[in-house]
Number of protein chains: 2
Amino acid sequence: MKRSDIPYLDDLRAFETTAQCGTVRSAADELSLTHAAVSRRINRLADMVGTPLFERSGRGLRLTAAGDRLAEVCRRSFDDLSRTIVSIRESQATDTGAILLSCERSVAMRWLIPRLSEFQDTHPEIAVHLSVGGGPVDSKQNRATLALRRLDFAIVDGWSVVPLFDETIGPVMSPDMFSDFEQGDYIALGSNTRPDAWDDWLRRNPDAPRPRERRMFDHHFLMVEAASSGLGVGLVPHIVALDDINRERLTAPLGFDPDGSRYGVLHPSQVPLDENAVLLLEWLRNRSRNI
Amino acid sequence: MKRSDIPYLDDLRAFETTAQCGTVRSAADELSLTHAAVSRRINRLADMVGTPLFERSGRGLRLTAAGDRLAEVCRRSFDDLSRTIVSIRESQATDTGAILLSCERSVAMRWLIPRLSEFQDTHPEIAVHLSVGGGPVDSKQNRATLALRRLDFAIVDGWSVVPLFDETIGPVMSPDMFSDFEQGDYIALGSNTRPDAWDDWLRRNPDAPRPRERRMFDHHFLMVEAASSGLGVGLVPHIVALDDINRERLTAPLGFDPDGSRYGVLHPSQVPLDENAVLLLEWLRNRSRNI
DNA sequence: CTTCATTGGTAATGATATATCACCAATAAT
DNA sequence: ATTATTGGTGATATATCATTACCAATGAAG
């Protein structure tokens, strides 16, 4: 993902504050600025996005649809950042001895957390701090952390990789939607995090029934939830659908095909893993053997 | 939440790029800056956070534990922002006629989405675009949107509120953890989004068994998932635990008590709701009648 | 209808922030 | 020992940006 699309935070903050306050002038008060400064920032942001964020309504402003979406993402992101920063400020050196395990959100929710209690039962003395986040690992070297990742990026020097299993993806749906799916009477559910997933899959599976319609979600895990709730057919990794298939909340009539990528655990190769981390790593390998 | 804890985006971006690249100099190249500028930004950010984000390692840097956490939040937030911005750029006027329904993440996943298919079955012609996000509603007036919210903030002028139900919260756990809970041999699972939830609840329920330990998650829905997976006892709103209780994946031995707040649907009062939105609103009221 | 207090938008200017250019110290490889 | 890296820092020139004026448009009050 290119980051060239990110404007200045100060612009975003001015915009978000204005969205909350409702008027430029009250936002300016809140930010200890003049309304002129706020106005400039908002306009520059709108230029950058390519769409007006506000439209005039009487003597005030109202958000456009695009502005509404952006405002909500801003608020969430700022909340996340703010919360993490105060949390870091407070929890100085609280994490003594804990293992930091980083993992993608969907995998954490649908695979890791449901199995983690087993590990905790056998090793109650080991504290595992779970940190959600995917994508390339952050730096050449960071803390003695394990990172469970989809290996779709270049491995940075200084990290060791323990491969776990191949990623396989396939269409999944609520069992009572199977006949609709066979007849091509289904909505394809996608996520904006992997926008080309359906196109790629349909190209590789020319005989599969074509979707009647498409529907995008902002997050992968919302899409999975929507699939198990019968809103349509989701294209998901096997690992994420596993438990719901066993519970018969989902079926995968066409099975799962490898998409080339694989999952693995990354850890810094310079610093040797401590014994707790080795235990967790071994447990991860065992648990993922039959996927 | 005060937003005074948010530093400049340019600092965050310099930090995040450095975390990804591994060295200040390569990050400076990427950002078309000199290494001096990047170094300054990182140091200022570290001052703001109150903790060193990097520590020297040979001639390079490595993230500290705090830096690691912050880097991951930065990456996620930037990805989110970047993705929505390009998505807004592309999808100009794609959302014609769709209802925008905004809803908190946890409630969307554990309550709304599982029920939404029912609404879609009876009204397949109505497209509902779901947008996750909670907290105060953004502007005095925005699009013809419905927002399902916990009403723990001041209602802005220009919005109408349709109350739905009172919020009740209570401790929930996997059924086989019940005896441990009774004996006070349990881990209290909390989320950083509502850090005082357990303290408040324990104060209001002095006879309830006290937790042996605490464990915080970065997000509410991770905590709920951890509770149903048997990692401990979560303190969650009834609406979020409802389905898992019916499926007997969770029990709530002490039931749920009102915590003073309530849920409702917000919509702009100036613009009249179109008929589709009225249908959705009515459906929401019916579905939430027995909570 | 007029007046007045709002609203947001904009051009020019001066204050502020900041990137650069030097340096330096420390490390690693040759 | 030498050289090419790394990151850090002080002074200065630069460029950003907030302010101060203004203006147009709207809505309420008289």
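The sequence lines fix the lettering, A, B, ..., with proteins before strands; numbering per chain opens at 1. The structure presented is a predicted model; accordingly, all values stated were derived computationally and were not measured.
Residues satisfying the salt bridge (charged side-chain N to carboxylate O under 4.0 Å, His left out) criterion with Arg262(B), sequence neighbours excluded, are Asp166(B). For Thr84(A), the side chain to side chain contact (heavy atoms under 4.5 Å, CB included) partners two or more places apart in sequence, or in a different chain, are Ile88(A), Arg69(B), Val73(B). Shown here are the salt bridge (charged side-chain N to carboxylate O under 4.0 Å, His left out) partners of Glu30(B), two or more places apart in sequence or in another chain: there are none. With sequence neighbours left out, Asp10(B) forms a side chain to side chain contact (heavy atoms under 4.5 Å, CB included) with Tyr8(A), Asp10(A), Arg41(B).
Residue-to-nucleotide proximity on DNA chain D shows that, of Arg25(A) and Asp10(A), the 5′-proximal contact is made by Asp10(A). The residue among Gly58(B) and Thr34(B) whose nearest nucleotide of DNA chain C lies closer to the 5′ end is Thr34(B).
Considering only heavy atoms from C-beta on, Glu104(A) comes within 4.5 Å of Tyr263(A) through its side chain. Under the 4.5 Å side-chain criterion, counting only non-hydrogen atoms from C-beta, Arg76(B) is in contact with Val132(A).
From the 5' end on, the contacts that DNA chain D makes with chain A at under 4.0 Å to a non-hydrogen atom open and close at dC17(D) to dG27(D).
Between Arg56(B) atom CZ and dC24(C) atom P there is a gap of 17 Å when expressed in whole angstrom units. Leu53(A) places its CG atom 15 Å from the P atom of dG8(C), with the value rounded to the nearest Å. Rounded to an integer number of Å, the gap from CG of Leu31(B) to P of dT20(C) is 10 Å.
Salt-bridge check for Arg194(A) with Glu167(A): passed, with a basic side-chain N closer than 4.0 Å to an acidic carboxylate O.
Minimum interatomic distance between Arg83(A) and Asp218(B) (heavy atoms only, all atoms of both residues): NH1-O, 3.6 Å.
At the phosphate of dA28(C), neither OP1 nor OP2 sits under 4.0 Å from any side-chain N or O atom of Arg59(B).
For DNA chain D, the residues of residues 35-47 of chain A within the heavy-atom distance limit of 4.0 Å (strictly under) are Ala36(A), Ala37(A), Arg41(A), Arg44(A), sorted by number.
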